[in-house]
Number of protein chains: 2
Amino acid sequence: MNFLELVEDKGKIIDKKKGEHIFVQGFPDTSIYFIKSGLLKAYYTTEEGKEYVKLFIMANDVIGSLSSAYKGGLCSFSLVCLENSNLIKISFSVIYEHSKTDQHVANSMVELLLKFSMKKEKREFEFLCLSAEKRYRQLKKESSIIIERVTQNDLSRYLGVTPVGLSRIKKRVNSDMTG
Amino acid sequence: MNFLELVEDKGKIIDKKKGEHIFVQGFPDTSIYFIKSGLLKAYYTTEEGKEYVKLFIMANDVIGSLSSAYKGGLCSFSLVCLENSNLIKISFSVIYEHSKTDQHVANSMVELLLKFSMKKEKREFEFLCLSAEKRYRQLKKESSIIIERVTQNDLSRYLGVTPVGLSRIKKRVNSDMTG
DNA sequence: CATAGGTTTTAACCTCGGTTAATGATCGAA
DNA sequence: TTCGATCATTAACCGAGGTTAAAACCTATG
């Protein structure tokens, strides 16, 4: 059995409207989600009530809380729809257990995790080595589709600045024609 | 065959002295390394010649450049010994190819990648949601062993501040007894 | 339409950390 | 032991971005 067959076989199709949550930080959720269409936001909420955007998720992406699904704890972040979304929900442990005895599932799992790791490494690099302005420039170059679909509030909290800060950065960058 | 057997069988033991590099950013290196003892630093160098510390690596850690070993490009960072170190070098593709047909190797690969992913998520969270001072406080609490073994220069560049900045943070934190 | 709620911009002020440079402290090698 | 080099601290100045608040803009819904 391959990965996609497993997901289609054991997974459950879910439709969520804009504004609805898939899971919430501090509660358990042992599923992972394959996004078919729509747009979602994964975000952290701090003790002081501040929000930080971990990731935007769109068609063909996969998302889940490792700390809950794999480690068996609680979700370390929340997942909410920014647009009406269609996803497939499947238990992480079903995939995980299958991967232990099914070579094809294991191979897909390895591919998935390698791609995931590369993405996380990229984001780590950006936060460690780039200023907020450079992160904005890079996002504009590489993923302008995200910029068009999310509000400046969400975008700023993804870049690690406040909405006010992003407004200033945009002003600087857009009046500067070096690209 | 299991993972460790494979590494011991196909891997090559390497001894490196303090200051020596294992690989250098911008050059290819398709191996991954299992650290037996010592201490290493993975770091990025920017166009302007600035250094940013990605990670400290010690006994029982595994390190390699995914962008070179997996994607077939060049190393996105450099790896250097901060102390004399003993490691096992093994070709990533040997492990990767084995994992495609050997269930046990695949399982170990999945475990390795899941643990790696969780670490990267943690670091992402810290940069996204915490100030430099909070990152220092957290490191002090969780990994004081690192603080004791690396210079303040390296530590500061791991935390995303300059050595001068870290000196100020330390002063604030150590004169504040709230922990 | 009209109004209420959210989004973006702008301004004023402030803080944290960067930069540069000087001074001390530490460490290693000859 | 001493000399050079690296490391840590401190000070002065600066700038990016935070905070707060107000104003301008949107856009959904009644």
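Bear in mind that the values here come from a model prediction, so they are computed numbers and not experimental data.
When rounded to the nearest whole Å, the span between CG of A:Leu82 and C1' of C:dT7 equals 14 Å. Atom-to-atom, CG of A:Leu130 to P of D:dA16 comes out at 16 Å; the value is rounded to the nearest Å. Rounded to whole Å, the distance from CD1 on A:Ile147 to C1' on C:dT7 is 16 Å. Atom-to-atom, CD of A:Glu148 to C1' of C:dT8 comes out at 17 Å; the value is rounded to the nearest Å. In this structure, B:Glu133 places its CD atom 12 Å from C1' of C:dG17, rounding to the nearest Å. Computed from coordinates, the B:Phe127 CZ to D:dG17 C1' distance equals 17 Å when rounded to whole Å. The distance from atom OH of B:Tyr136 to atom P of C:dC16 is 17 Å, rounded to the nearest whole Å.
Phosphate contact (OP1/OP2 of D:dT9, side-chain N/O of B:Lys170, threshold under 4.0 Å): present. When the side-chain nitrogen and oxygen atoms of A:Gln152 are compared with OP1 and OP2 of C:dG6, none of them lie within a distance under 4.0 Å. A:Lys171 has no side-chain polar atom (N or O) that falls below the 4.0 Å cut-off from OP1 or OP2 of C:dT9. Contact annotation: B:Arg172 side-chain N/O to C:dC16 OP1/OP2 distance is not under 4.0 Å.
Which of C:dG18, D:dG17, C:dT9 sits closest to the side chain of B:Arg168 comes down to C:dG18. In this structure, of D:dT9, D:dT19, C:dT19, it is C:dT19 that holds the atom nearest to the side chain of B:Lys50. Closest to the side chain of A:Thr151, out of D:dT20, C:dT8, D:dT9, is C:dT8. For A:Asn153, counting side-chain heavy atoms from C-beta on, the closest listed nucleotide (C:dT8, D:dA12, D:dG17) is C:dT8. Candidate nucleotides D:dG18, C:dT10, C:dT19 were compared by shortest atom distance to the side chain of B:Thr162, and C:dT19 ranks first. The side chain of B:Val164 lies closest to C:dT19, out of C:dT9, D:dT19, C:dT19. When each of D:dG17, C:dG17, D:dT10 is scored by its nearest atom to the side-chain atoms of B:Ala132, the top-ranked nucleotide is C:dG17.
By the 6.0 Å and 45° rule, A:Arg123 stacks over the aromatic ring of A:Tyr158.
Taking the ring centroids of A:Phe77 and A:Tyr52, they lie at or beyond the 6.0 Å cut-off.
Side chain to side chain, A:Tyr43 and A:Lys54 fail the donor-acceptor criterion of an N or O pair below 3.5 Å.
Between B:Gly165 and A:Leu166, the residue whose closest nucleotide on DNA chain C is further toward the 5' end is A:Leu166.
Contact check for A:Phe56 versus A:Asp154: side-chain heavy atoms found under the 4.5 Å cut-off. Counting only heavy atoms from C-beta outward, the side chains of A:Leu82 and A:Val150 approach each other to under 4.5 Å.
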